[in-house]
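Just follow the structure's listing: the first ligand is 1, and inside any ligand the first atom is 1.
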Amino acid sequence: MSVVVTVGCQWGDEGKGKIIDFICSEADVVTRHQGGNNAGHTIQVDGKQFIFHIVPSGMLKENTLNIIGNGVVIDPFILIEELDDLQSKGIQITPSRLNISGQAHLIMPYHRLLDGLEEERRGGKGLGTTKRGIGPAYMDKVARYGVRMFDLCDETQLRKRLETVLPLKNSIIENVYGGKPLDLEETFQSLRTCAERLVPFVTDTTDVIANALAQGKKILCEGAQGTLLDIDYGTYPFLTSSNTTAGGVCTGCSIPPMKITNVLGIAKAYTTRVGEGPFPTELYDEEAQRIRTAGPVGEFGATTGRPRRCGWLDLPLLRYAIRVSGISGIGLTRLDILSAVPEIKVCVAYQLRGETRKVFPANVNLLGECEPVYETLPSWKEDISAITRFEDLPATAQSYVHFIEESLQIPIMLISVGPARQQTIVRKNVF
Ligand code: IMP
């Protein structure tokens with residue numbers, strides 16, 4: 001048995017989808033345990049592009065069981081669209097390949113509406129959410145106003161939940177935001193239509209996971225977003241509403257902590273972020289644009305299409321990510337993009353109030369005062385996107401990788417040099 005957890009080390013968009021797809025070939029079970037369709041995992045196989053939002057990317061590999069765990073928030077309308085899209089691309093969608101936790105909470109139509117209305121209310125001072133209803137759905141889960149997949153499957157229960165919750169939501173929509181209330185019957189009927197399609201997939205996934213563990217299966221837990229977007233450890237309040245760090249696997253997919261065998265942190269060879277919030281190594285103007293537009297896939301959000309903010313690699317941030325998730329190895333992505341820059345800077349520490357800090361501060365209110373301390377390393381001009389062996393990388397690219405490993409005291413197990421599966425350099429086995 002082995003359980004590999006993948007965690008985004010930065011602000012999401014680290015290229016987790018690509019790495020997860022690569023290591024999926026060894027997994028029997030692939031799970032999602034947090035987030036919802038704010039995520040967008042882009043995977044290219046044989047020239048075809050797949051973007052996964054809610055469904056685990058193990059669906060691309062035959063003979064894997066894919067589980068959407070209880071910690072995920074599910075927009076049933078979007079999930080159905082995603083399943084239809086995958087099916088139209090030849091992916092087999094059956095309950096023997098996909099299980100959905102009945103304990104997972106739904107993103108209801110009013111959650112989407114409220115997310116948008118709240119961002120609008122905040123004017124220019126919003127969080128820059130994806131407006132997919134993620135925050136409002138998690139708020140209701142914690143406030144015990146949530147509606148779960150098990151409720152969706154039960155007509156009587158669904159109506160009861162809606163009768164309890166919708167009047168309150170409508171009152172907020174109308175009286176706080178001046179929005180248009182939702183009709184209970186219409187909402188109920190549209191959800192019932194979703195239920196017809198989704199019921200066959202809904203089950204007790206705690207049972208499925210326990211059996212998989214007992215049978216010694218290889219389980220891959222697919223993290224969405226990244227460490228700095230974690231509700232507890234991230235750059236509060238500019239973050240998402242779930243635990244994106246390794247602990248989220250235990251509460252979001254019933255994996256007992258002692259069963260985790262490896263935590264693979266996925267980090268870009270530089271840093272990006274979308275949405276608002278602090279970003280110490282951020283670059284601007286042409287410098288940012290050079291990174292944003294290099295390579296076959298530019299730095300634009302897979303879910304929202306927004307241009308990503310770009311900056312240099314931040315080692316204090318990575319040390320923090322390693323610390324809070326117990327990361328045991330790194331998958332380094334988009335190394336090929338750095339062919340486009342004349343020289344590479346790496347933030348090795350922060351200067352804060354006269355002190356040198358090696359680790360990102362938990363008190364993110366101090367981030368504005370953190371001055372990055374940079375080391376400059378030589379770049380390489382060569383196109384490295386076809387290289388599949390570490391020894392064949394230009395010496396300067398190898399040095400860059402060694403520099404990161406030595407600074408972080410952690411192995412870089414995989415290196416991605418392009419979006420396709422075969423554009424991956426394996427240095428150490430993950431499973
Ligand atoms: P929410 O998750 O839609 O509530 O958005 C909260 C913040 O997290 C915003 O800054 C989003 O841009 C960011 N975010 C959410 N999901 C992702 C992701 O998958 N990649 C990168 N940023 C994300």
At a non-hydrogen distance cut-off of under 4.0 Å, which region of R306 contacts ligand 1 (side chain, backbone, both, or neither)? side chain

Specify the protein heavy atom at minimum distance from atom 22 (N) of ligand 1: its residue, its atom name, and the distance to 0.1 Å. V274 CG2, 3.3 Å

For atom 2 (O) of ligand 1, the protein heavy atom that lies nearest, with its residue and separation: T240 OG1, 2.6 Å

Flag T130 as yes when one of its N or O atoms lies below 3.5 Å from any N or O atom of ligand 1, and as no otherwise. yes

Whether over 12 other heavy atoms sit under 6.0 Å from K89 NZ: yes

Of the backbone atoms (N, CA, C, O) and the side-chain heavy atoms from C-beta on, which set of D115 has a member under 4.0 Å from an atom of ligand 1: side chain, backbone, both, or neither? neither

State whether a side-chain donor-acceptor pair under 3.5 Å links T271 with W312. no

Under 30°, 30 to 60°, or over 60°: which ring-plane class applies to F279 and W11, parallel, tilted or perpendicular? tilted

Look at atom 9 (C) of ligand 1 and say which protein heavy atom is nearest, naming residue and atom and giving the distance to 0.1 Å. G128 O, 3.2 Å

Donor + acceptor pair across side chains of K160, T164 (<3.5 Å): no

Is the number of heavy atoms from other residues, nucleotides or ligands within 6.0 Å of CZ (F77) greater than 12? yes

Should the pair E286-R292 be classified as a salt bridge under the 4.0 Å nitrogen-to-oxygen rule? no

I'd like to check whether E276 has a polar contact with ligand 1, where a contact means an N/O of the residue lying under 3.5 Å from an N/O of the ligand. no

For the residue pair N262 and S328, confirm or rule out a side-chain donor-acceptor distance under 3.5 Å. yes

Numbered atoms of ligand 1 (with element) below 4.0 Å of G275, judged on heavy atoms: 10 (O)

Ionic contact status for R353 with E369, cut-off 4.0 Å: yes

Does a sphere of radius 6.0 Å around CZ in F238 hold more than 12 heavy atoms from other residues, nucleotides or ligands, not counting ones at 6.0 Å or beyond? yes

Can you tell me if Y236 has over 12 outside heavy atoms packed within less than 6.0 Å of its OH? no

Students should be able to answer this: which protein heavy-atom is nearest to atom 23 (C) of ligand 1, and at what distance? L229 CD1, 3.6 Å

Name the closest protein heavy atom to atom 21 (C) of ligand 1, giving the residue it belongs to and the distance to 0.1 Å. D13 OD2, 3.1 Å

For atom 5 (O) of ligand 1, grab the closest protein heavy atom and report residue, atom and distance to one decimal in Å. T129 CA, 3.4 Å

Atom indices of ligand 1, in the order listed, that fall short of 4.0 Å to a heavy atom of L127: 10 (O)

Protein contact to atom 6 (C) of ligand 1 [nearest heavy atom, distance to 0.1 Å]: L239 O, 3.3 Å

What protein heavy atom lies closest to atom 17 (C) of ligand 1? Include the residue and the distance to one decimal. Q225 CG, 3.5 Å

Give a yes/no verdict on whether any heavy atom in W11 is under 4.0 Å from an atom of ligand 1. yes

Contacting atoms of ligand 1, where contact means under 4.0 angstrom from a heavy atom of A39: 19 (O)

Quick one: does S241 get a heavy atom under 4.0 Å from ligand 1? no

Under 4.0 Å between a side-chain nitrogen and a carboxylate oxygen: does that hold for R309 and E282? yes

